[in-house]
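What follows is one structure encoded as structure tokens, with my remarks underneath.
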Amino acid sequence: MPYDPATIEPRWQTFWEDNKTFRAVEDRTRPKYYVLDMFPYPSGAGLHVGHPEGYTATDIVARYKRMAGFSVLHPMGWDAFGLPAERAAVREEIHPAEITKRNTDNFRRQIKRLGFSYDWDREVDTSSEAYYRWTQWIFLRLHEQGLAYQAEVPVNWCPALGTVLANEEVSPDGTYKETGDPVEKRMMRQWMLRITAYADRLTDDLQDLDWPEPVKKMQRDWIGRSHGAEVQFRVDGADAEFTVFTTRPDTLFGATYCVLAPEHELVAQITTDEHRAEVVAYADRSARRSERDRRADAKEKTGVFIGAFAVNPINDEKIPVWIADYVLAGYGTGAIMAVPAHDERDHAFATAFDLPIRDVVRPAHGSAPDARQTAFLTDGVACNSGAYDGLETAVCKERIVIDLEKVGAGRARVQYALRDWLFSRQRYWGEPFPLVKTPDGTAVPLPDDVLPITLPHLTEFKPTADGRPPLARASDWLQVPHPETGEPCERETNTMPQWAGSCWYYLRFCDARNDQEAWSSENEKYWMPVDLYIGGTEHAVLHLLYARFWHKVLFDLELVSTKEPFQKLFNQGMIRAYSYKDSSGRYYHESDVERRDGKLFANGIELSGQVEKMSKSKLNVVNPDHIIDAYGADAMRLYEMFMGPLEMAKPWQTSGIEGVSRFLNRVWRLFFAESEDGDDSIHPSIQDVNADDDTTKLRHATVAAVTEDIENLRFNTAISRMMEFVNVMNQRDVRPRSVMGDFIKLLAPFAPHLGEELWHRLGHADTIAFESWPTFDPSLLQEDTVTVPVQVNGKVRARLEVSKDLEEDAVVALAREDPAVQKHLADKELRKIIYRPGRMLNLVVS
RNA sequence: GCUCACGUAGCCCAACCGGCAGAGGCAGGGCACUUAAAAUGCCCCCAGUGUGGGUUCGAAUCCCACCGUGAGCACCA
């Protein structure tokens, strides 16, 4: 009977489900391990091959940790609120809840086919009342802490979607990241979360996390903490002053002009009449220009002199004031002092408008570069700075700040690029805010015991005719009495953004069925923090930063016991695929492609082949269902892990899955002999005997390598070690039962269905899921003799087979006797001997 | 434009702290089994590590520059 995943796999999936094999237990007698996937947004397109990559990795770790004696929490759920379902609802005229259910059912079915060891009893759906009740509850805690507030803010308004977007959702080119629709700036009253209050901790606490450095760097850059100073500039001849922020107070003597953002509030007041027309025109133009335009020609500096002069507080020098759109209204104070000699942008601007350039910092050693040619950006020694001349940059910064403070013209200040989080959306398919508004517009939080504030059922999801969000259509729902006074109030019609639900789902998994609290503190203390969190880099900033922010708020409220939610983070690489297109850019499906003379054709047209992101339009999407149908889930899992290192981007090659499928077949045949009558007869080579020395060594070496590789998430090399084992055992006619049993244990996390089947057929009644992981004896990994390459001047000339403890002198003596070595030593002087015991010997001759 | 990562056989990828370039797989070739084919088994072929410099007794590995690919960022004072 041949290996047949189509019968084995559903059987074991049913077994696991019926027996609740993977139920996570708060077992205080055992160490815990919490291994989490970034839960998916259940899109209508279904699972693609990228999802199972991370899921398989975490599943291998989860299964391995169970066998290693840990109590494992390995859950799955759905990030189910969100825009795509709402847009599909409008398109198909079906309620978003129904679309979401359809999609989650499909995702669940596809994920279950892969045999992941999730505790399905803990499945969560962020769009269910049982879940978003607690999202609202957390919002109330944020509100209590003064971290949620309303403000009239410049927002990213997306006319096509009829909603605002967070800065993080807008691409650099001024479009919505998800859909590419254009986005414009508009002032609106919105709910904000004061994430900036946590900026320092969000930066500082990254230090102790086991996260990829690039992700930490992205978060640090996003928060953008910079240390500098505020400096006040009086406007000459006017009763006005403005403040600039600078990271280089030491260059104050080099400030030759100031620049205000065109939107700066002082502009109208201090512009002189003769410049007014020009200034208004410029400010107008830059306000109307889209983000995209402004960025397109960012290199070309534009601006206008406004006729006013500012007084430099350090030396009373009068310097001209300009407006220019390279100074951003939303960052710092919206005003800068320009030091062209030591800032590239100021230098470009000064050059364009012929403004003076004065160098005030020189390198500590060597000569100063020509300040007219290039800005000198690095630290050095002050010059042209009066009493400060000769001071090192760091010292000079401090001294100038102290002196400015004395005269009330400045102070040290820390500035962040991070802005508060815009937390409301004019959408239907999201969490309603647990608030009402009194007639005078005051927001009143509702008490905990009325939660959840359920989303009213609507049939129309567009904004109202007067531009209010869809929830304004729910007239019955909208009107409520004030929770205390009973006066008529209206509910908030905005909903929360999609990130809200994903900010805390890892906590809900700790206690997913609790209907009294969001989670119990006992469970939270047992499971948290998440020990391993795997997902794509696309969430490096948004989700991970928001979740960390909420977690810290909850920590301060003593609702969670850890400072950080995710101890170890790992990003899987993207799975891409070959795509084929002709010279006109038209794509062809792989099945239409023929290969001739090393070239590619479709219908006689020559094509180019390249590796690209999978997408429908490129006709290169691989559907996991088809792969499982053809090869089985175990082969699919194994292939995705075998393709290459988890963190690397790699191309999908359907031919590659043939290889792992053959491997699984070969494993099967190690255990079962082919018989005429199709019986399940154990292969006669499987015997209850002690392993010989070679087999024992192989067993220990394989266990050691696979264990270490799993610990380090190097699944590709783990699999190749198992292949080696199988290739060797395949040639043996005696396969000791104990060794083969250990091999099944190693294989089981990777190919769990086959693992269970083999284990079962070898006569075990219980699931393999909790069998103890094989151990190894390091002393058996070492060979008694080693092959030492002998190099002469770095080139290998001979190899010596020696005992691994042989002394250096003896090895050298042996080497010198070797004819091949002698040839290269002849009549040369031996100058140096480098011996690395057991590794190599290098003889250096003149 | 800036930052980071990665370039090893026809292809996907190994190679520990700098020490024999090859573990594994795909594709290709040969042989065996077979009436034949598929499947299977055994064997074989194939690169000197993107390019150019440098450090070192010794470089795929460290340093510099360039080229290519991918990801992220967007005038953050």
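Chain letters run A, B, ... following the sequence lines, proteins first, then strands; residues in each count from 1. Remember, it's a predicted structure, so these values are computed and weren't measured experimentally.
- Each of A:K613 and A:I719 has a nearest nucleotide on RNA chain B; the 5'-most of these lies closest to A:I719.
- When the P atom is compared between B:rC4 and B:rA65, the two are found 11 Å apart, to the nearest whole Å.
- Spacing between atom NE2 of A:H264 and atom C1' of B:rA77 amounts to 13 Å, rounded to whole angstrom units.
- Atom CD in A:E538 sits about 12 Å away from atom P in B:rC73, given to the nearest Å.
- Judged purely by atom type and a 3.5 angstrom limit, A:R358 has no side-chain atom pairing as donor or acceptor with the backbone of A:T256.
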Exercise for the section: Just do the side-chain contact (heavy atoms from CB on, under 4.5 Å) check on A:F663 and A:L747 with the steps written out, would you? Expected result: CA-CA 11 Å; A:F663 165 70; A:L747 180 67; 4.1 Å; yes

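- Partner A:M636 forms a side-chain contact (heavy atoms from CB on, under 4.5 Å) with one of A:T56, A:V660, A:V49 and no other, that one being A:V49.
- In this structure, A:L252 atom CG and B:rA77 atom P are separated by 17 Å, rounded to whole Å.
- Regarding A:F233, its CZ atom lies at a distance of 17 Å from the P atom of B:rA77, rounded to whole Å.
- Comparing B:rU8 with B:rC45, their P atoms are spaced 23 Å from each other, to the whole Å.
- Checked by distance alone, A:Q731 brings no side-chain donor or acceptor within 3.5 Å of a matching partner on the base of B:rG41.
- As rounded to whole Å, 16 Å separates atom C1' of B:rA5 from atom CD of A:Q572.
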Exercise for the section: Treat primed atoms plus P, OP1 and OP2 as sugar-phosphate and everything else as base, then score nucleotides 11-18 of chain B 5' to 3': B for base contact with protein heavy atoms under 4.0 Å, S for sugar-phosphate contact only, - for none. Expected result: SSSS----

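- Between A:M574 and A:E724, the one whose closest nucleotide on RNA chain B sits nearer the 5' end is A:E724.
- The glycosidic torsion of B:rC62 lies more than 90° away from 0, placing the base in the anti range.
- With a 3.5 Å ceiling on both atom-pair distances, the Watson-Crick or G-U wobble partner of B:rG41 is B:rC31.
- Residue pairs meeting the side-chain hydrogen bond (donor to acceptor under 3.5 Å, both in side chains) criterion with at least one partner in residues 659-670 of chain A, sequence neighbours excluded, are A:R666-A:N727.
- OP1 or OP2 of B:rA27 lies within a sub-4.0 Å distance of a side-chain N or O belonging to A:R662.
- The CZ-P distance, from A:R576 to B:rC6, rounds to 16 Å in whole Å.
- For the pair A:K301 and A:F349, the cation-pi test (distance below 6.0 Å, angle within 45°) is failed.
- In this structure, CG of A:N793 is placed 19 Å from P of B:rG19, rounded to the nearest angstrom.
- With rounding to whole Å, A:I336 atom CD1 is found 11 Å from B:rA77 atom P.
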Under 3.5 Å donor-acceptor pairs involving side-chain atoms of residues 328-344 of chain A, not counting sequence neighbours:
residue: A:T333; atom: OG1; partner: A:T243; partner atom: O; Å: 2.6
residue: A:T333; atom: OG1; partner: A:A335; partner atom: N; Å: 3.4
residue: A:T333; atom: OG1; partner: A:A335; partner atom: O; Å: 3.3
residue: A:H342; atom: ND1; partner: A:F376; partner atom: O; Å: 2.8
residue: A:H342; atom: NE2; partner: A:V360; partner atom: N; Å: 3.0
residue: A:H342; atom: NE2; partner: A:V361; partner atom: N; Å: 3.2
residue: A:D343; atom: OD1; partner: A:R345; partner atom: N; Å: 2.9
residue: A:D343; atom: OD1; partner: A:R345; partner atom: NE; Å: 3.3
residue: A:D343; atom: OD1; partner: A:D346; partner atom: N; Å: 3.0
residue: A:D343; atom: OD2; partner: A:R345; partner atom: NH2; Å: 2.6

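- Contact detail for A:Y580 and A:G609: the closest heavy-atom pair is CD2-CA, 4.0 Å.
- Rounded to whole Å, the separation between the C1' atoms of B:rC64 and B:rA71 comes to 24 Å.
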